[in-house]
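One structure is given here, and the rest of the page talks about it.
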Amino acid sequence: MPEITLDGLVKEYGGVKATDGLSLTVRDGEYLCILGPTGSGKTTCLRMICGLTAPDSGKVLFDGRDVTNEPVSRRKAAMLSQVYSLFPSNTVYENVMFSPKIQEWPEDDARQIVKSMIKMVHMESKAHSYPRELSGGQQQRTALARALASDSDVLLLDEPLRALDARLRLELRKELRSMVKEMRLTSVHVTHDQDEALEMADRIAVIRKGRIIQVGTPTEVFRDPLTPFVANFVGRSNIFVGVMGRSFDGYSEVMMPLGDGRAVLKVRRSEMQEGSAVVVAVKIGSTKLEKIRPDAAGGTDPPGYFRGKVERILYEGATITVEVGTPAGIVSAKLPNRKFEDHAADDSVLIWWPPETASVFPMPPEGLEDELRLD
Amino acid sequence: MKIRMENVSMKFGDFYAAKDINISISKGEYLTILGPSGCGKTTLIKMISGILRPTEGCIFVDGEDVTDTHLEDRDTGYVFQNIALFPNMTVSDNVGYSPRVRDMTKDETASVSEEYLKLVKMLDRAGAIPKELSGGEQQKVAIARALASGSKLLMLDEPLSALDARVRVELRYDMRRLVKKLGITVLHVTHDQEEAMSVSDRIILMRAGRIVEIGTPLDMYRNPGSIFAAYFIGETNLLECTVSGKTKTGKTVVRLRGGQMVRAAKSVLTEGDAAVISVRPENVYAAKEGLKAEVTEVVFMGTYRRVRTVAETNDYLEYNISSDDEIPKIGDKVHLVFNKKATMVFPRPEKGLKEAIELE
Amino acid sequence: MSLLKKINEMSDSRRSRKAWFGAVCVVFLTLIIIPSIFVVFRLFTDWSSVDGVIADGATMGVIKGALFNSFSIAFIVTVIDVIVGIPMAWLLVRKHFQGKRYLDTLMDMPLAFPTAVLGISVVMFWGAPEGIDIPGLGLNLSPYAMLILLHTIFTYPYMVRSLSAILEQIEPNYETAAMTLSASRFTAVRTITLPLFRAGLVTGFILCFARSLSETGGTYIALKMMGVQSTFFTGPTFINDAKSLLGPDSAMGPMILISVLMIVLAIALLVAARLMMVRLKIPTSRVWPQFGRRLSRGTVPKIKDALSIAFLLVIVLIPSFYIFAFLTQPVAAVDYGALLSSIGLSFLVAGAAVVFDIVFGIPMALYIARNRRTVLGKMLDEAVNVPLIIPTTALGFSLALFWGMFYSGDSTAVFTAMVILGHISFTYPLVVRNIIGAVEEADASYEEVAMTLGAKPFQAFSKVLVPIIKSSIIAGAILSFTRSLGETGATTSISGAVKTVPVYIMDLVNKDSYAEAAMCSIILIVICFILIFAVRMIINRGERHA
């Protein structure tokens, strides 16, 4: 299976750059997710890989071979479209048979492959149904079988789960990934859903405004985001603005104005210059709360702690989200559901986190609001 | 506003989109109607808002029978799944539409429009036309438009499903804060259980045109009344088993398919009954001894890791480990125990487990 | 097989795709556009003959009168169509009721009638023409009013169809949303849906206006039956009759002049209409809640629906079918040999035109549908409309002048070929429009996915797209076929020697053989219906399998 290299792809539509010098390497046999908000250029990127869109400049390479000008039909890169695009006048079987027939494989081989693909996606009982008679999930699986039966080397998945119900999506994530992995294809999966990317990807490429801003394993992207945007996009984060303080063994300090006074935040050790304006991002799942007993005296909180008042507690199943009002805005903490009984509205709490879970970034030049925009 | 539905059904041809609906909703309540596609949840709010007239039963708002009241006299805000902002009008004209068609003066209309745009923090885009806005912004305007009618009752028809996942999460918290501040009664239709859990006071779970269960998120998650509810609201491990007896404290003891005994919560089932136990991944722990299982996959989920295993009973079992814990390798043998208080017992469904949890 | 394979392979190369599309554009330009407007060039080269006409007050008076009649009738008819078309489109798209399918089919019936037949039928119904024993309503209508009644019939379906097409695309949720915001249905429609409707109005307007402006056969027959054919003219009947009226030589100048005037005026007017529609603001700032509510409930909407259906029945359908009253009379003697040969000729012309339209229309439609935003796409989109808005009589005349440069013999076969080219010109846009609509509705991802699965572009087109848009292609073909079958003006102005069915019927009327003309018409209509229903059945069966 090929390694795909995208080299400086630029594509402009009516003066708007859909991709703006996009470069990325997808490894042989890897399941890569391109994760980004709507309009970030992720679908354009996918279309350039299979040749449906020609880049204005830049190259697409398969195993080092330049395929930029190769027609779609020869690239062996099958697309699984967001709307499935099952051919409406063909049955499930005929849909899956499409590619073998077009490529004029020997009939027996073709029949066998098609049958085994249909079996793999559990559609045997519906093989002679028409697409409109299928449920969303069944259509999705048929489209997958059709793509896999084409003997392609590359599988491109364009938001393959978007049109499905949330609960079904959870089930199909597991199923889809394991089937694709079994075929050992080089796969590129485009999505706006960070949970989906975290769960399915070998590596994630975060895309924004037509550029890849970070590539890494799910753990890397989640734990070591390169920009405040990535920090907040891949898992909700609490964002604080402050001034870089001193650094110590294992952590650095950030001074954050808080009401009339200020709080000292502990963050992952950083080499940034003392006194520079910085942004701190802490995943809500890493944010901890400690209840203050009502009789505990006020006074200054120790470094790494500041206080707030619980505004509401949302029971969300496996986790609860506690929203705490502070002079620096609402701080959310996502805690395991067994902590539900520990907190109540109007409680005073201390907010803290392990310093290594707090990422710190220089203040972005275009301003924080623009940096954090989700759409 | 208080709402009551009595024996309401909606029939299209021979097909019941909703059947025997009986609910009452109190003033200021945030209620979500949750269920898979085609379960009749949208039909339900369409009947309350007057877009559809039920074929059977009555609907009361504040004690008054409104079953035959026309749509335009219902005074119900409605936010559509596809947003449906009027494309030929600016944002402020969209929000000002309701005051305008009630013959308010230009100045009144403008001030109402401004007030509600401010509320959803969209005042700076007042002059834009809808297609210039992002999906999330459009939805905020649609909410402002529905609220600007002054209605105290708001229907949200999958308001977030057209948006990006991350925007969805942000907007749902904003939405709840907003309507709670205004004291409005909300019915929110969704297929996303996570969304339902995080915004609602109560959830109505529907399936195939009928109400399966009504309860608070906490109740529904901890004490679901059916296998479907347990499976649909949050993830869970389901294991087929047989009741083999009770402990002195009334806990149920069940025998799994491989013969292993497991203790579970109290139940009305008696010895010999065919059963299914449901235990959520966060209530399964690796221990020194217990049910043997082989690790098939470990997935990073952000704040935790999900371990997928196949147990010796041939059941799939999933559990969570903290992301700081040591990561088991694929093929590792682990021993799993269940939190017995959180292990629920249900009678095994006659048509089989698969049918009971089918999503489509 | 090997040819198909070659086409498949070739379609993979961008260069050969471009070459093929280039060829289609060249064909479109040289066979359709240039001959259609060639007469405008002749205005300059033959200025001397035109100059003479302008100086001739009497002829100019007739020309001016004819133009006035044509344009004012077209305008009035179009306005009537809009007024009655909107409620009917509403009924067809938004309402669900029993028998809707039949209403839908009835709507298209007038399209299957050659207009020459409609001419006879309408005058019979409303008036009491001499020489016909069947009693009509006997109203003593002016020719002007009669023509309005006649033209309404064959323009009405075009209007209803284009309005329905747009209405189907307008999100019904907009209206519902407005009503949840306390707007009555009347207010919701007036302030939300109607403003979104403008594009549909422009298309409907263009289609109806152009259709009315073009019509020759039915108009001529109606005038003839009322005995005013040599005193009352429309533009097309003037061109049709000029040669016999003024003699072949002195007719040239007036014919060129009136053709050019009609072409230029039609194009100018329609450009103006398009610009005006875009600017046109439907006043929406004031609302009258009580009034709106009263209009939206109870009997008012019911009366509106009843009136829509009554209009369809009384104004459109009954007058169209009235010709069947001849079946109550003793069967007239029919020269079956002549009739069948003219039917054969008509089918040949229509068939050839439709085949050409499909072969060269599909690539054009694909390009326009997929490249709406590019300059070339926009230009072609407009250019395709040109032959549609040019009055067909002027178009035929222009075409005859153009090909007359290359051929001056009198072989009927060559004239027939020229007639076919003429029919291609005005049917081509109908096919292309229909297919553009279908292609735009079919998601591009079908073909794209097919290509990523290894299909060559031509395979993706023939195996994936064609099955999806098949029914629109057939609908377009039926529309073109019937339109060609009913055409008189273009045929007679190209050559008097090509006797297609409507021309044959017109000749019969000219000879006052009403009964025979009616019998021929009935036979023709029956054949048309059988044909259309056969095609529909085949499609339906195909779709049930699919």
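Only a predicted model underlies this, so the values are computations on that prediction, with no experimental measurement involved. We name chains A, B, ... by the order of the sequence lines, and we start the count at 1 in each one.
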Could you walk me through whether B/I3 and B/I23 satisfy the side-chain contact (heavy atoms from CB on, under 4.5 Å) test, starting with their C-alpha distance in whole Å, then the side-chain angles of each, then the deciding distance to 0.1 Å, before giving a yes or no? CA-CA 8 Å; B/I3 303 164; B/I23 45 175; over 6 Å; no
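Using a 4.5 Å cut-off between heavy atoms, B/D93 makes no contact with chain C at all. Both the backbone and the side chain of B/R102 have a heavy atom closer than 4.5 Å to some heavy atom of chain C. Only the backbone of B/T76 comes within less than 4.5 Å of a heavy atom in chain C; its side chain stays farther off. Using a 4.5 Å cut-off between heavy atoms, B/L71 contacts chain C through both its backbone and its side chain.
Here C/R372 pairs with C/E440 in a salt bridge; the nearest charged N to carboxylate O distance falls below 4.0 Å. The residues B/K140 and B/D174 are annotated as not salt-bridged, no charged nitrogen and carboxylate oxygen being separated by less than 4.0 angstrom.
Residues satisfying the side-chain contact (heavy atoms from CB on, under 4.5 Å) criterion with C/K100, sequence neighbours excluded, are C/H96, C/F97.
Ranking B/V79, B/N88, B/D75 against chain C, the residue ahead of the rest is B/N88, based on heavy-atom pairs under 4.5 Å.
Between C/F75 and C/F205, the ring planes lie perpendicular to each other; the angle is over 60°, past the 30° to 60° tilted range.
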